[in-house]
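Since we're looking at a predicted model, the values are computed, not measured. So that the names make sense, note that chain A is the first sequence line, chain B the second, and so on, each numbered from 1.
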Amino acid sequence: MTGKFQAPKGVSEYFPPRSSHFDFVLRTLTAPALAAGYELIELPIFEDTELFTRGVGESTDVVSKEMYTFEDRGGRSITLRPEGTAGVMRAVIEHNLDRGQLPVKLFYRGPFFRAERPQAGRYRQFYQFGIEAIGLNDPQLDAEVIAIAFEGYRRIGLKNFSLHLTSLGDSESRASHRSRLMEYIDSLDLDEETRNRAKKNPLRLFDDKRPEIQKLMAQAPLLLDFLNDESKNNFGEVQDALSSIDIPFEINPRMVRGLDYYTGTTFEFVHSGLGAQSGIGGGGRYDGLMSTLGGQDLSGIGFGLGIDRILLAMEAEKIELPIANYTDLFVIALGEPARKRAFVMIQELRNQGFVVEQSYGDRGLKGAMKAADKSGARFSIVLGDAELSTGSVELKEMATGQALSVTLSALAKTLAEKSR
RNA sequence: GUGGGCGUAGCUCAGCUGGUAGAGCACCCGGUUGUGGUCCGGGAUGUCGCGGGUUCGAGCCCCGUCGCUCACCCCA
């Protein structure tokens with residue numbers, strides 16, 4: 001094995017047959033977004049480093065220790081994007097996409113990068129599908145965004161997942177809670193590292209997996225209890241909207257999101273069949289992000305769904321794809337004259353929209369038939385000297401073994417009739 | 001960054017207290033000079049991750065190293 005190149009550590013990559021699942025997931029997630037009027041935005045993989053330090057937040061782990069940052073030839077600091085929202089905001093501001101009717105509704109997909117130690121469901125290059133709805137603060141929009149993710153998972157066939165929901169409230173609510181929470185945390189007997197973590201973002205302690213910390217935090221004041229009337233009403237309306245379209249959720253006041261820009265409604269989809277990394281998607285509202293990045297003071301809401309983890313979840317639930325890759329016809333040509341004739345015929349059939357495969361080289365009829373079988377083709381034909389001289393072939397239905405004599409000129413027409 | 005597990009055929013793995021490497025699947029050929037799936041017969045493939053040590057002898061023991069993997073922190 002030495003001397004062979006290997007993919008860099010911790011990257012996810014997809015090749016057949018799994019790559020068709022990857023493609024299926026992406027297509028399936030896109031459909032509900034399109035149905036709700038979201039449009040594609042395709043953005044660069046790398047951005048100005050400062051976009052993330054300012055947008056995502058310097059205190060987050062993502063920015064402080066997980067970014068792929070390098071200097072380009074002009075001496076600029078460049079970072080491979082660790083998440084999608086900041087880049088979308090940059091593009092919206094830069095190209096004045098928020099000048100027209102609001103909200104601006106966009107979706108994106110592609111690779112993201114974080115320099116972490118890889119483990120099950122966590123990669124250094126991973127894939128996300130995300131949407132953003134910018135410029136409108138309406139509980140119904142929050143519910144719409146969540147519904148799009150939910151419907152995507154549903155269409156993929158996932159069942160063993162749940163939606164965790166909470167609200168971080170507005171800045172007034174957060175401020176009043178934060179001082180009480182800090183007071184509480186100060187009274188605890190904590191090691192220095194944990195205390196430092198709490199200083200950066202006290203909410204983090206709610207998420208700590210160590211049982212002793214869980215115990216200490218059991219009595220901690222919850223942000224949900226500190227929401228002012230406006231935030232409370234807003235969150236109530238989000239819940240009502242979700243209930244009205246039968247989307248089940250559980251309120252989880254201890255849920256913590258990793259990025260600093262979240263405000264108001266936040267949510268996370270968790271799958272039960274994965275390892276330690278069980279989140280298959282999450283998102284929330286962000287009030288201050290746009291203005292932080294130099295744009296208008298607009299609110300937005302969005303999500304990011306982890307394609308890699310969705311694939312793992314599919315495998316955990318043993319979900320089969322509806323259709324793999326369908327082949328109409330497999331052509332076996334014997335002898336040089338037949339091969340030349342077949343080559344032309346195959347191109348014509350493909351250009352007419354049929355999925356046509358063929359056997360290559362001369363591997364013998366038996367081997368060629370085996371290849372036909374494995375291709376999953378519905379029909380096969382053998383084209384040799386005899387067929388060339390009579391101008392007709394046996395169109396064989398692979399599943400039944402039954403064959404039908406068809407003239408070469410009528411082949412396309414017959415295939416079309418059969419595949420109806 | 002910290003800790004556990006594992007590196008043997010294309011894949012999944014077996015390999016006894018150290019004795020010179022195997023199975024299943026996949027692949028190729030044949031049984032059937034031009035018709036697949038089932039069945040039967042045959043075949044190819046390994047620097048046993050890499051380097052060193054112990055030994056008459058190492059896939060197995062020891063040391064180092066690289067890689068993979070799972071978990072912590074954190075997250076998709």
Side-chain angles (χ1 to χ4, degrees), chain A residues 1-12 17 25 29 56 59-66 81-85 109-130 149 191 193-194 196-197 200-201 204-205 207-210 213 255-259 268-271 274-283 303-313 330 332-335 338 359 361-377 379-387 393-403:
Chain A
M1 294 304 166
T2 47
K4 253 190 188 175
F5 283 113
Q6 272 181 300
K9 190 187 189 72
V11 301
S12 67
V25 168
L29 292 176
V56 178
S59 70
T60 60
D61 279 37
V62 168
V63 168
S64 64
K65 58 179 200 191
E66 296 171 359
R81 61 183 188 185
E83 60 94 54
T85 305
R109 57 344 197 203
F112 294 87
F113 307 83
R114 289 181 201 172
E116 304 175 89
R117 271 295 264 279
Q119 72 188 72
R122 192 174 71 189
Y123 308 97
R124 291 182 171 181
Q125 174 173 335
F126 57 99
Y127 293 85
Q128 282 195 3
F129 171 85
D191 60 279
E193 198 196 320
T194 308
N196 275 334
R197 201 139 34 94
K200 283 193 199 167
N201 182 353
R204 284 285 153 70
L205 290 202
D207 215 19
D208 202 303
K209 284 179 188 168
R210 290 170 296 183
I213 304 289
M255 186 182 82
V256 181
R257 305 281 311 147
L259 312 179
E268 211 164 81
F269 290 91
V270 175
H271 194 272
L274 304 182
Q277 311 305 323
S278 56
I280 54 173
F303 64 60
L305 312 185
I307 307 300
D308 313 273
R309 289 185 187 172
I310 292 173
L311 253 73
L312 293 174
F330 195 98
I332 299 167
L334 300 174
S359 67
D362 46 7
R363 54 185 317 207
L365 184 63
K366 180 175 177 134
M369 281 307 295
K370 273 184 119 154
D373 188 40
K374 284 189 77 175
S375 76
F379 296 101
S380 71
I381 60 170
V382 174
L383 192 65
D385 293 339
E387 287 79 6
V393 291
E394 297 289 305
L395 181 65
K396 179 171 181 175
E397 183 161 27
M398 297 300 282
T400 62
Q402 285 178 353

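Partners of A/Arg124 by side-chain hydrogen bond (donor to acceptor under 3.5 Å, both in side chains), not counting sequence neighbours: none found. Remark: A/Gln125 engages A/Tyr127 in a side-chain hydrogen bond (donor to acceptor under 3.5 Å, both in side chains) (not counting sequence neighbours). Looking at residues two or more places apart in sequence or on another chain, you find no side-chain hydrogen bond (donor to acceptor under 3.5 Å, both in side chains) involving A/Glu66.
Straight-line distance from the CD atom of A/Gln128 to the P atom of B/A76: 7 Å, rounded to whole Å. Distance, A/Ile381 CD1 to B/U35 C1': 13 Å, rounded to whole Å. Between the CZ atom of A/Arg309 and the P atom of B/C74 there is a distance of 14 Å, given to the nearest Å. Residue A/Phe5 contributes atom CZ, which lies 15 Å from atom P of B/G67 at whole-angstrom precision. Residue A/Phe269 contributes atom CZ, which lies 13 Å from atom C1' of B/A76 at whole-angstrom precision. Distance A/Asp385 CG to B/U33 P: 17 Å, rounded to the nearest Å. With rounding to whole Å, A/Gln6 atom CD is found 13 Å from B/C50 atom P. Per the geometry, CD belonging to A/Glu394 stands 12 Å off P belonging to B/U35, to the nearest Å.
Remark: the backbone N or O of A/Pro111 is paired with a side-chain donor or acceptor of A/Arg81 at under 3.5 angstrom. Between the side chain of A/Glu83 and the main chain of A/Thr85, a donor-acceptor pair closer than 3.5 Å is present. Checking side-chain atoms of A/Arg204 against main-chain N and O of A/Val256 turns up no donor-acceptor pair under 3.5 Å.
Using P as the reference atom, B/C70 and B/U65 are 23 Å apart when rounded to the nearest Å. Distance noted for atom C1' between B/C63 and B/A44: 38 Å (whole Å). Taking atom P on both nucleotides, B/C60 is separated from B/G49 by 8 Å, rounded to a whole Å. Separation of the P atoms belonging to B/G15 and B/C75 is 42 Å when rounded to the nearest angstrom. Comparing B/U17 with B/A58, their C1' atoms sit 14 Å apart, to the nearest whole Å. Rounded to the nearest Å, the gap between the P atom of B/C40 and that of B/G34 is 22 Å. Separating the C1' atom of B/A9 from that of B/G24 is a span of 12 Å, rounded to the nearest Å. Going from the P atom of B/G22 to that of B/U45 covers 13 Å, rounded to whole Å.
The residue A/Arg114 sits close to a base: some heavy atom pair falls under 4.0 Å. In this structure, A/Glu387 reaches the bases: a heavy-atom distance under 4.0 Å links it to at least one base atom across the strands shown. Using a 4.0 Å heavy-atom cutoff across all strands shown, A/Gly279 reaches sugar-phosphate atoms only and no base atom. Among the heavy atoms of the strands lying under 4.0 Å from A/Ala386 is at least one base atom, whether or not backbone atoms are also near. Within the 4.0 angstrom heavy-atom criterion, only backbone atoms of the sugar-phosphate kind lie near A/Ile280; the bases stay farther away.
Listed here is the closest heavy atom pair of A/Ala338 and A/Gly384: CB-CA, 4.0 Å.
Set against B/C74, B/A76, B/U35, the side chain of A/Glu66 has B/C74 as its closest nucleotide.
Distance check, rounded to the nearest 0.5 Å: CD1 of A/Ile307 to CG of A/Leu312 gives 11.5 Å. The CG atom of A/Asp61 sits 10.0 Å away from the CZ atom of A/Arg114 when rounded to the nearest 0.5 Å. From A/Arg117, atom CZ reaches atom NZ of A/Lys9 across 6.0 Å, with rounding to the nearest 0.5 Å.
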Using a cutoff of under 3.5 Å, can you pull out all pairs of nitrogen or oxygen atoms linking the protein to nucleotides 37-40 of chain B, with atom names and distances?
unit_1 : atom_1 : unit_2   : atom_2 : d
B/G37  : O4'    : A/Asp373 : OD2    : 3.2
B/G37  : N2     : A/Ala399 : O      : 3.4

Protein N or O to nucleotides 69-72 of chain B N or O, pairs below 3.5 Å:
unit_1 : atom_1 : unit_2   : atom_2 : d
B/C70  : OP2    : A/Ala120 : N      : 3.1
B/A71  : OP1    : A/Ala276 : N      : 3.0
B/A71  : OP2    : A/Gln119 : NE2    : 3.3
B/A71  : OP2    : A/Ala120 : N      : 3.4
B/C72  : OP1    : A/Lys209 : NZ     : 3.3
B/C72  : OP2    : A/Gln119 : NE2    : 3.4
B/C72  : N4     : A/Arg122 : NH2    : 3.4

Dot-bracket, RNA chain B: Watson-Crick or G-U, under 3.5 angstrom, [ ] crossing, | other strand? (((((((..((((.....[..)))).(((((.......))))).....(((((..]....))))))))))))....
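Along RNA chain B, the nucleotide closest to A/Tyr127 and the one closest to A/Gly367 are compared, and the more 5′ of them pairs with A/Gly367.
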Between A/Phe126 and A/Arg309, is the side chain to side chain contact (heavy atoms under 4.5 Å, CB included) condition met? List the steps. CA-CA 9 Å; A/Phe126 57 99; A/Arg309 289 185 187 172; over 6 Å; no
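Looking at A/Val382 and A/Glu394, their side chains never come closer than 4.5 Å, going by heavy atoms from C-beta outward. Using a 4.5 Å heavy-atom threshold, the side chains of A/Leu305 and A/Val25 count as separate.
Scanning atom types as modelled, no donor and acceptor separated by under 3.5 angstrom connect the side chain of A/Glu268 and the base of B/A76.
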